[in-house]
*Asks:* 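Questions regarding the structure given below will be posed in turn.
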Amino acid sequence: VLLPEPRGPISSRLGAHLLEEQPLEDVDVASIRADVGRVVDPLTDEDVQLSLAVLHELHHRGFDDVDDAHEWDPPLVAVRVALERAVEEALRDETAPALAAVGTDAGTDTTLALRALVDRAQGPSLSAWMRNHAGVEHYRELLALRSVYHLREADPQTWAIPRLHGRAKSALLEIQCDEYGNGRPGRMHSELFARSMAALGLDPTYGAYWAKADATALSIITMMTTFGLNRRLRGASMGQLAAVEMTSSLPNGALAAGLRRLGLDGDATWFFDEHVEADAVHEQIAMVDLAQGLVAAEPELRDDVLFGAASYLALEDRFARRLIDRWTAEGRRTDAA
Ligand SMILES: [Fe+2]
Ligand SMILES: [Fe+2]
C-alpha cells in the first residue's frame, strides 16, 4: 500500500516528510497546530481525517513507500497528538447532548446507561435501507467504505489490552479471540470481510480503498484508534467497543438478508452471518463483563466509557445519514430520467 494522495495543506506537509522530500521542522509543527486549530469540524474535514488516518497507519501496517522508522518521529508524534486532541474535543461537543439526556450520574448502572444511549440513537437505519432497497452497486460502495475498518477489524481495540486488568481484560480477550478467528486460519473477521469484498467484485487488498474513503468513513477508524492508542482514553475505547457489539447482531442480519435478496450468498454473506451469532454473545460480554467490569475496577472511567459509546453512535449516525440521503437523491434522479 502506498501513501494516499494528500487532501490539503496538513496531509501534503506530512507527505513531504514521510516521503523524505522535506523534513518537518519545529516551525512547521507549530504552523500545522495552528492550521488544526482553525478547522471548523475536524470530524468531517478531509485533510484532518486523512492526516490522522495516515499517522495512525504508521503504528499499524505502514506504507510501502514510507520508512518504518518514521513511526516515532517526534514532530509526527506532536502533530498526531494535536490532531487527536482536535478530534476528541469535537467528539466531546458532539456527544454532550446525548450524554446529558441519559444522565451520567454515577448512581446509574453502567449497562443501563449504555442501553439508554443505544436506544436513544435510533437514526435512519442503514442496514434496513440495504435490506430493502440496495442494489449490488450500493453494497459495493458500502463495503469499499467500510473496508478501512473491517480489513483490520479489532486492531484499534487491541491497543487497550495491556492497559486493562482483571475481569475487563479477560472480557476484552474473549471478544478479540473471536474477532481474530480463535487461531483458525481464514476465520479472522477481517479475512471474512475480504472474502465478501472479493465475492462482490471488489479488490480485497488491505488499503485498496483509502483514496475512496472520505472523512465521514475515516472518522470512525480515527476515533477508534485515537481511543485505543491513548491510555488515558481506555474507558472510551471500551465504551466504543461495547456500542459496536450492542448494535451489530440485528443490522448484520439485515445486511445478509439484502445480499440474499440480490441472489448473493456463501462468501458474500459469511462475514455478516458470522456477526449475527457472534455479536449476540459479544453484546453481553462487552456490556456486562467489559464495560461494567471496567467501571467497577476503575470508577473514574465511567464517564469516558459512556463518551466512547456515544462517539461511536454519533459517527455511525453521520455515516448512515450521508449515504442514505445521497442514495435516495440518486434514486429520485434515476426515477425521473
Ligand atoms: Fe467482528
Ligand atoms: Fe464482535
Side-chain angles (χ1 to χ4, degrees), residues 60-61 111 114-115 117-118 121 126-127 130 139 142-161 164 167-200 202 204 206 217 220-221 223-225 227-228 234 236-259 267-294 305 308-309 311-313 315-316 319:
H60 286 223
R61 289 171 61 172
T111 57
L114 283 170
R115 177 60 65 202
L117 276 175
V118 167
L126 185 55
S127 58
M130 298 300 288
Y139 268 98
L142 179 68
L143 265 60
L145 291 173
R146 291 293 198 194
S147 69
V148 295
Y149 174 58
H150 288 305
L151 289 178
R152 64 174 121 181
E153 187 163 313
D155 288 346
Q157 294 81 24
T158 293
W159 292 110
I161 293 171
L164 305 183
R167 184 178 170 209
K169 187 174 196 153
S170 302
L172 176 56
L173 261 300
E174 189 173 359
I175 292 170
Q176 297 301 80
C177 284
D178 285 343
E179 304 293 340
Y180 290 126
N182 290 303
R184 287 168 297 175
R187 295 294 292 271
M188 268 189 260
H189 289 181
S190 54
E191 292 173 317
L192 299 183
F193 192 78
R195 277 173 181 268
S196 185
M197 290 181 78
L200 282 153
L202 294 165
Y206 184 88
I220 298 172
I221 182 81
M223 174 265 304
M224 289 179 175
T225 312
F227 292 166
R234 62 196 179 283
S237 177
M238 295 302 96
Q240 175 267 307
L241 177 58
V244 168
E245 302 296 353
M246 291 169 75
T247 54
S248 168
S249 189
L250 291 175
N252 276 300
L255 289 169
L259 286 167
D267 274 359
T269 51
W270 191 357
F271 171 89
F272 304 100
D273 292 336
E274 179 84 13
H275 282 86
V276 174
E277 280 190 37
D279 287 346
V281 179
H282 288 176
E283 171 172 10
Q284 295 305 315
I285 303 170
M287 228 175 20
V288 181
D289 300 300
L290 178 59
Q292 191 164 269
L294 180 61
V305 167
S311 295
Y312 172 73
L313 295 166
L315 293 184
E316 278 292 315
F319 181 83

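Computed from a predicted structure; not experimentally measured. Along the sequence shown, the residues carry numbers beginning at 1. Order of listing sets the numbers, starting from 1, for every ligand and every atom in it.
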*Asks:* Can you check side-chain contact (heavy atoms from CB on, under 4.5 Å) on Leu241 and Leu172, steps first, answer last?
*Replies:* CA-CA 9 Å; Leu241 177 58; Leu172 176 56; 3.5 Å; yes
*Asks:* Give the name of the N/O/S atom in Glu153 that lies closest to the Fe ion (ligand 1).
*Replies:* OE2
*Asks:* Which atom, among the N/O/S set of Glu179, is closest to the Fe ion (ligand 2)?
*Replies:*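 Atom name of the closest N, O or S in Glu179: OE2.
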*Asks:* Ring centroid separation for His189 and Phe193, is it under 6.0 angstrom?
*Replies:*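 No: the rings miss the under 6.0 Å criterion.
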*Asks:* Do side-chain atoms of Tyr139 reach the backbone of Leu255 as a donor and acceptor pair under 3.5 angstrom?
*Replies:*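 Present.
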*Asks:* Measure from the Fe ion (ligand 2) to each N, O or S atom of Glu245 and report whether any distance is below 2.8 Å.
*Replies:* yes
*Asks:* Taking NZ, NE, NH1 and NH2 as the nitrogens, is one of them in Glu283 or Arg115 under 4.0 Å from a carboxylate oxygen of the other?
*Replies:*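 Here Glu283 pairs with Arg115 in a salt bridge, since their nearest N and O are under 4.0 Å apart.
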*Asks:* Near the Fe ion (ligand 1), is there an N/O/S atom from His275 that is less than 2.8 Å away?
*Replies:*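 Here the distance criterion (N, O or S atom, under 2.8 Å) is met by His275, so yes.
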*Asks:* So that I can check it, does any N, O or S atom in Glu274 come closer than 2.8 Å to the Fe ion (ligand 1)?
*Replies:* no
*Asks:* Can you name the N/O/S atom of His282 that is nearest the Fe ion (ligand 2)?
*Replies:*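 Of all N, O or S atoms belonging to His282, ND1 is the one nearest the Fe ion (ligand 2).
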*Asks:* Apply side-chain contact (heavy atoms from CB on, under 4.5 Å) to the pair Tyr149 and Ile220, showing each step before the final yes or no.
*Replies:* CA-CA 8 Å; Tyr149 174 58; Ile220 298 172; 5.7 Å; no
*Asks:* The Fe ion (ligand 1) to His189: any N/O/S contact under 2.8 Å?
*Replies:* yes
*Asks:* Does Asp279 put an N, O or S atom under 2.8 Å from the Fe ion (ligand 1)?
*Replies:*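 Of the N, O and S atoms in Asp279, none lies under 2.8 Å from the Fe ion (ligand 1), which means no.
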*Asks:* Among Glu274, Met246, Glu245, find the residue that satisfies the side chain to side chain contact (heavy atoms under 4.5 Å, CB included) test when tested with Asp279.
*Replies:*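 When Glu274, Met246, Glu245 are each tested with Asp279, the side chain to side chain contact (heavy atoms under 4.5 Å, CB included) holds only for Glu245.
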